[in-house]
Amino acid sequence: MLIQEKPLYEALTSGTLRGFATDVWWQYNYGQTFPIGWGSRLGIHKLPNVITSNDQAANADDVLERNILWGSQNLAEFVTGTQMKREVRLDLGY
């Protein structure tokens, strides 16, 4: 997922967006334009209504087992022609 930093910051600080959580936070490493370092140039990661992590949610308890279970269920539903419970709905934006 790519997010434009300035509109996100403005939405979070104006109250348009009440909060933001992400499991993937970036590291800038592009010379003088983006010197090596973690976090937002605008300090998004320091706002009180923001939660970030360094891509570690996949290590939470039972995530692997749940993903295998859900993946197996999705495959079985697809193969049998059953309506998929966890179908991606691009028309709804997810």
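- Around CD1 of Ile51, the count of heavy atoms belonging to other residues, nucleotides or ligands within 6.0 Å does not exceed 12.
- Side-chain contact between Glu77 and Glu87: absent, with no pair of heavy atoms (C-beta onward) separated by less than 4.5 Å.
- Contact detail for Leu42 and Lys6: the closest heavy-atom pair is CD1-CA, 3.7 Å.
- In this structure, Leu75 CG and Thr80 OG1 are separated by 9.5 Å, a value rounded to the nearest 0.5 Å.
- A continuous path of hydrophobic side-chain contacts links Val50 to Ile3 [ILVMFWY only; heavy atoms under 4.5 Å].
- Within a 6.0 Å radius of CZ in Arg18, no more than 12 heavy atoms belonging to other residues, nucleotides or ligands are found.
- When each of Leu17, Leu12, Thr13 is paired with Asn49, the side chain to side chain contact (heavy atoms under 4.5 Å, CB included) condition holds for Leu12 and for no other.
- Arg41 places a side-chain heavy atom less than 4.5 Å from the side chain of Glu5.
- Nearest heavy atoms, Leu8 versus Ile44: CD2-CD1, 4.0 Å.
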